[in-house]
Structure formats: C-alpha cells, structure tokens
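Take a look at the structure below.
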Number of protein chains: 2
Amino acid sequence: MENKRQKKQSDRATISDVARLAGVSKTTISRYLSGKYHMLSDSTLNRIEKVIAELNYRPNKMARGLKRDRSYLIGMVIADITNPFSTAILRGAEDVCKQRGYSLMVCNTDNDPAKEREYIFMLQSHRIDGLIINTTGRNNKFLQELATEKTAVVLVDRKVPELGFDTVTLDNEQAMAAGVNHLLARGYKHIALFSESIAGVSSREERVRTFQNMLSDREVSAEVHEIDLRELREFSLLLDEFFQKAPKGKRAVFAANGVILLKTIHLIQEKGIEIGKDVAVLGFDDMEWAPLIGPGITTLAQPTYEMGVTAMKRVLERIDGDRSPAQNIAFSGQLLVRGSAPEVRD
Amino acid sequence: MENKRQKKQSDRATISDVARLAGVSKTTISRYLSGKYHMLSDSTLNRIEKVIAELNYRPNKMARGLKRDRSYLIGMVIADITNPFSTAILRGAEDVCKQRGYSLMVCNTDNDPAKEREYIFMLQSHRIDGLIINTTGRNNKFLQELATEKTAVVLVDRKVPELGFDTVTLDNEQAMAAGVNHLLARGYKHIALFSESIAGVSSREERVRTFQNMLSDREVSAEVHEIDLRELREFSLLLDEFFQKAPKGKRAVFAANGVILLKTIHLIQEKGIEIGKDVAVLGFDDMEWAPLIGPGITTLAQPTYEMGVTAMKRVLERIDGDRSPAQNIAFSGQLLVRGSAPEVRD
DNA sequence: TTGTAAGCGTTATCAC
DNA sequence: GTGATAACGCTTACAA
C-alpha cells in the first residue's frame, strides 16, 4: 500500500531525500551542509536551500558523528547541580558551548564516585568530544583512559595533579588570605573554619592549609572542623562548643563554601545568636541571598561564570588540536565586605 | 610501519575487535550487548566479558543510535538554569533519566525565543528521543514539528494547550488561593502582587487571574504589577507608591515567583522597611534562604524535584510507546508559614 | 547457539 | 562543480 519509501525507519527527511528532490547527488548536499559553498553553483545552492526548508530537513548528527568520529557533544560532570556555584559555572560553559555548535550533556554525581564512574562510562559510550569535570578525585583511572583516547578533559574547581589535565580553579590561597587578613585587621582573635569532607578535594585542602599556615604562629586561636552535613546535630554541638570558649566580642566563624555558609547561618540564628554582633560570619561563595541576611554577609566571591566560560574554551581548544602542556588557570576571589564581620575594639 | 589496523579512525575498540579477539562474530557480540544472554553459551559469554574488559570496550551509541533510530538522549530546555526552581526540576529529571539509561542534554534559553529555536533545532539534529521543556511559548511550530516526528514532548511549569502535549505543572489556582486566604485570614487589606512579564506564560497568568478573581469583590484593595527585572528603578518606584498609599499595618507584598521575591526583599530592605512589621511579604517558590531572612519569609513551596521526576517519567512512557491522550499533571503547592506575614489587629 | 550480509545517514576519496 | 562508492560501528533478518 505504501510507496517505496516505506523502508525508512522514521518519516524524517534524509540527505538522500534532499538530493533527489534537488536533483543532485548526496555529495553535493553534504558539501552544502559542510559550508563548502564555493564548490557549489548559485543555482544548485538555491535549490538545495529551498528543498531543505520544504522538507524541514535536519542533518543527523549521529550519522555525521559516526562518520567523522566526532559527536559534537561535551560532557559536564558536576558534583552537585543544585549548588548555585555549579549552575553558575554551567551557565558559562553552556553559553560558549552553544556558540560553538556543541551540545552539553549534564551529569550530577552527588559527590558519589560510583555515580561518577557510571556517568563517565555513559559519556564514553556517547563518544563525547570533551569533558568538563568537577571530580570526586576517585575515578582517576577512568579519566586517564578517557584522555588517552580522543577526549579533551578539563578539571574545574578541583585539581588532580597526577592526571596532567588542564584545570580552571579559584586561587584558593589568595582568596583565603584575603578572608583571614580581613578578620585579623578587624580585630578577631578566635576563628573557626568549617568545611565539608576535606581529603582529596583540592579546593578545600588549599583553603584549609592556607588558613592554618596563616594562623599558626599568631596570637590568634584558630581551629578547623570537618562537617558532615547529614549530621547537623554534630555541627550544632561544635558551634556551641566554640561559642562557649571564645569570648563574645572577638570570635568569627568562617565557612569554606556556600553550602556550609548557609547551614552555619541557619544554626547560628536558631541559637538566637546575632550575626555581626555576637559573632562574625564570613564565607566562600557569594550567593544572591548574602546581602539580605542579617547585616549582610561578607563573602569571598568566585567568578563562576568566567570559570565556566574558560573551562569550555580550554576544552574546545584541545578539541581543535591544541597539544600544548597542561594549563592551570586560577582566578582570584573577591572579598565583598558587608556587615557580618564589623570592626571590633580591644 | 603501522599494522593493518591503521585504517581505524581512533584507537577505540569496536565491536569487530571484540568479535575477533573472542573468536566469534559481531552478531554474537551484539547479542551480548543487548542482554540476550540466553542465546549465548556460557563459554562464549565468559570469553566476551573477558575481552571487553581487556579492551576497555565501550559500545558506540552513535552507531547503535543510527541503526536503531534512537539516540538515548533526552533534551531539557530550561528558561533560566540559574533559577533554583529550574535546577531542582532538573535534578529530579536527571535522576530518572540516568536510572533508565538515558542521558540529558541541557539547554538554557534565557527566556529568549530565538535561543529556544536554535536549541530545538540542535536537539532535532541529535535526534533526541524526548524533550522536557519550560517553553517561552513562542516556538509552537517547531515544537509541533518535533512531536509529529519521533520525539516525546512534555511541558513543565508552563502549558500551551493548543499543542496537546503532556504537562507537569503546579496547581497555580490552589497555591495562589492558599496564599491569598492566608493573607486575608491574617487581616491584610492591601495586597500588591508582583510578577515578571505575564502574557503567554501560563503559570503566571493563572496566578494573576486567581489573585484578581479572589480579590475583586472584597473590601480589600488588590493590585497587580508587571515587572521588568532589568528596570529595577521602576520596580522600586512602584513599591514606593504602594507603601505611600497603603497604611502600614495592613499591607502585604506578594511575589509571583522566587526571583521576584528575592528582588522585592532586596528593595524593601534597601528602603529601611522592616519585613513582617512594616509590611508583610509572601512569595511563590521556597528557596533555601527563605527561613533565614528577617523573621523568615512565608512561601508557597512547589514540589520541584517530584515535578522533574514526573516529567521525565512521562517522557519515558511516551518513548516506550504510550499513545494515550495527553495528561495534565498538576501538583499542589504548600504554604510554609514563617514570620513575614504575621496576624494584624484591626 | 552461531554467522552472513545489508543497511542506518552521513562524509571522504576518487574520478570526471 | 559534480557524482559514484566505500566506509564509520552498530543491529537485524535470515540462514544454518
């Protein structure tokens, strides 16, 4: 009953349909699709365009990808997609990606190495041309493998030096130093730093190390606490302890990232302690809510959008054949002074 | 110099490599890859597994997709990826997607119909099997086309009835009613609703309409203002006006979504007006910061994660062949009472 | 339980 | 300027 095109799997127009209707060969259409317009006569070009519009033809990237051994797909593996820090990076990466004709495959690992592994596997199957990853650091074998093959890999936020990949990060030493110096200059004598699980996450390690180095030989009491956010009760107790021993006037709480900062503020407010008066608060990541809470929260802003843009550009350069040694690109953090850590008198 | 495998484009193992090393045909490997283990003898199965592990073989989804006319790709087109509302949905969708062996292509349109169109085009080229879209509502022709072909489409948050797609949304009438009733019960007499550009965005239209219907024949003064967030100055003036004419005790500001809510709070605080005392504040979308600002902001929470999960499940059902009439799935909003809209006396 | 061979929609290599 | 034709890495009748 059907005509002879019944063999086709879907109703989508293919390059052959276009060729037939335009009265030329597939090769010619392919040339058009690859932008080799100088090889086409004006009349064929016009005809092709008309047919394509008529048929609503969309070149099949799977077929093209199979043939050219390129997928035009970039993988983006993110530890926590609901963290605004991550989405800001994503947004930067996405803008560049689109502009260059690539598409983004987004994966959310929840900081789980097993999930990360499954995603890398999946991305390999899709033959992604590049990968931007905010890695748990515990799938290095897999990552190495990816890079050995065809894929350009760029690490964001977290480095893994052994891997020899390009990295785009914050200059955590500079940023932490800016934060610590601010607190010192304002007269704080008791500073507690809170961070999520530190080991293996380079950004956290750098922040903590800098904090400790700067404060070790001073007349300032410094402490570092590792927090498990699933155990808020423990976190709360730790804060109580700190508030008990550190005198009201000169104590400051330092949050190593935006997620911890939010939880810290939550707990402090719950205890009826007033931010900026009873305790100073300072944290990494400048979230949209920072100016609105209490007297405004002083933060260390990261240029997240630019980090995303830069990471994607680096990936695309690698895809385009750049074989130069790995680059480590670090951005400066910016201290945004608000009311949560006011000057204190002796 | 090279051996005869030099013709291969990349070094990646293919199904033929596996077949050769396992001493069987490609067909047999393909059967293994498709999980048809009952058609394989134990010894071949074992050999295949060993070779695959050895070669680090990853089946090429482009090749498989080309042949089977399925990409195992789901497109997700989002108006604003930095809006936590969107990422929460994304997270739900992503979880289901992964679990079912599909991958997500994420696109951010900035509410720009032109960008949306380009993305849909791109997604068509990748032959996505399904699409979840938070649409601008101004590319209906393109969307229709997608659906005519092979792609399952589900609309989230914003409906376009003419299109006949499945939708997953908030029950905006119920949610808005809960909000308005709360304010009425607490004694507020002057209520101003602020929303971004309303026309064409069903969620906003429904909220505004319900607000107006409920308040039209009451002894309450109600007003609706359409806000352009790029013109914060105007927004500020509008608020001034409202504060001037509405008496201090009984006025409330209602924000039609989380983005507007944040900006509203920003402006109110800038004016030195105290939330919960000088003015009540209530808004759609429960963001993580809502309990931390002022006396805690009363909000209408949307079950965003579940919406994402539901939308993705619907898409996958359609992909799996469900041809039933379009479903409109609406979730209830939940009023979270905090301190920003306290009871007022006469 | 296994294998042969054709074909998915492109691009690349030659040829004219 | 244009066209035949052979791949790319898979799946799928159909055979055995």
Side-chain angles (χ1 to χ4, degrees), chain A residues 4-48 52 55 57-72 124-127 129 149-150, chain B residues 4-48 52 55 57-72 124-127 129 149-150:
Chain A
K4 7 192 69 160
R5 275 157 70 229
Q6 73 181 152
K7 40 144 74 145
K8 289 183 58 178
Q9 314 188 207
S10 77
D11 305 344
R12 282 204 152 283
T14 73
I15 202 173
S16 307
D17 297 326
V18 179
R20 186 163 22 80
L21 266 79
V24 293
S25 74
K26 293 194 299 178
T27 311
T28 302
I29 308 299
S30 176
R31 288 194 180 106
Y32 172 84
L33 295 176
S34 310
K36 295 170 184 156
Y37 304 126
H38 58 281
M39 306 185 119
L40 306 176
S41 73
D42 284 1
S43 73
T44 26
L45 197 142
N46 288 331
R47 236 173 321 127
I48 290 174
I52 285 181
L55 291 184
Y57 170 70
R58 304 277 185 275
N60 184 329
K61 293 223 185 198
M62 289 192 289
R64 167 182 276 221
L66 182 59
K67 181 65 190 174
R68 297 228 280 210
D69 204 18
R70 254 81 148 25
S71 61
Y72 312 94
Q124 289 184 105
S125 252
H126 279 287
R127 297 294 188 267
D129 295 334
E149 282 148 0
K150 261 256 173 192
Chain B
K4 7 191 71 159
R5 276 158 70 228
Q6 72 185 149
K7 40 144 75 140
K8 290 183 54 174
Q9 314 187 208
S10 77
D11 304 346
R12 278 203 156 284
T14 74
I15 202 174
S16 307
D17 298 326
V18 179
R20 188 164 20 78
L21 266 78
V24 293
S25 74
K26 293 196 297 177
T27 311
T28 303
I29 308 299
S30 176
R31 287 192 180 109
Y32 172 83
L33 295 176
S34 310
K36 294 170 184 156
Y37 304 126
H38 58 281
M39 305 186 117
L40 306 176
S41 74
D42 285 1
S43 73
T44 22
L45 197 143
N46 288 331
R47 237 174 321 129
I48 291 173
I52 285 181
L55 291 183
Y57 169 70
R58 302 278 185 277
N60 184 328
K61 294 223 183 196
M62 290 191 291
R64 166 182 276 222
L66 183 58
K67 180 64 189 173
R68 298 227 279 212
D69 204 19
R70 282 328 212 70
S71 61
Y72 313 95
Q124 288 184 106
S125 251
H126 280 288
R127 298 292 190 268
D129 296 333
E149 282 148 359
K150 260 261 176 190

Could you list, one pair per line, each protein nitrogen or oxygen that sits under 3.5 Å from a nitrogen or oxygen of nucleotides 12-16 of chain D, together with the distance?
from, atom 1, to, atom 2, distance (Å)
D:dT12, O4, B:Thr27, OG1, 3.4

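Note: CG (B:Leu45) to P (C:dT2) measures 9 Å, nearest angstrom. Atoms CE (A:Met62) and P (C:dC8) sit 13 Å apart, rounded to a whole Å. In this structure, A:Arg70 places its CZ atom 19 Å from C1' of C:dG9, rounding to the nearest Å. The CZ-C1' distance, from B:Arg12 to D:dG9, rounds to 12 Å in whole Å. Protein atom CE of B:Met39 is 13 Å distant from nucleotide atom C1' of D:dT11, rounded to whole Å. Regarding A:Ile29, its CD1 atom lies at a distance of 16 Å from the P atom of C:dA12, rounded to whole Å. Rounded to whole Å, the distance from CD on A:Gln124 to P on D:dG9 is 16 Å. Distance, B:Leu66 CG to D:dT11 P: 11 Å, rounded to whole Å.
The salt bridge (Lys or Arg N to Asp or Glu O under 4.0 Å) test applied to B:Arg58 returns A:Glu145, not counting sequence neighbours. Partners of B:Tyr72 according to the side-chain hydrogen bond (donor to acceptor under 3.5 Å, both in side chains) rule, which considers only residues two or more places apart in sequence or in another chain, are B:Arg68. Qualifying side-chain hydrogen bond (donor to acceptor under 3.5 Å, both in side chains) partners for B:Ser125, counting only residues two or more places apart in sequence or in other chains: none.
The list of ring pair (Phe, Tyr, Trp, His ring centres under 6.0 Å) pairs with a residue in residues 11-30 of chain B, not counting sequence neighbours, is empty.
At least one side-chain heavy atom of B:Tyr57 sits less than 4.5 Å from a side-chain heavy atom of B:Leu33.
Among the nucleotides D:dT2, D:dC10, C:dT2, the one closest to the side chain of B:Asn60 is D:dC10.
In this model, the phosphate group of C:dT1 is not approached by any side-chain N or O of B:Thr44 to a distance below 4.0 Å at OP1 or OP2. Not one side-chain nitrogen or oxygen of A:Thr14 sits closer than 4.0 Å to the OP1 or OP2 atom of C:dG9.
Among the protein residues, A:Ile15 comes within range of the nucleic acid bases, having at least one heavy atom under 4.0 Å from a base atom. Using a 4.0 Å heavy-atom distance criterion, B:Tyr57 is classed as a sugar-phosphate-only contact.
Between B:Ser71 and B:Asp129, the shortest heavy-atom contact is N-OD1, 3.0 Å. Closest of all the heavy-atom pairs between A:Tyr37 and A:Leu45 is CD2-CD1, 3.8 Å.
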Walk me through whether A:Val18 and A:Leu55 qualify under side chain to side chain contact (heavy atoms under 4.5 Å, CB included).
CA-CA 8 Å; A:Val18 179; A:Leu55 291 184; 4.1 Å; yes
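Comparing A:Arg58 and B:Val24 against DNA chain C, the residue whose closest nucleotide sits nearer the 5' end is B:Val24.
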Validation: residues 23-32 of chain A side-chain donor-acceptor distances under 3.5 Å, sequence neighbours left out:
from, atom 1, to, atom 2, distance (Å)
A:Ser25, OG, A:Thr27, N, 3.3
A:Ser25, OG, A:Thr28, N, 3.4
A:Ser25, OG, A:Thr28, OG1, 3.4
A:Tyr32, OH, A:Glu49, OE2, 3.1

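Comparing the axis of the opening five pairs of the helix from C:dT1-D:dA16 to C:dC16-D:dG1 with that of the closing five pairs yields an angle of 30°, rounded to 10°.
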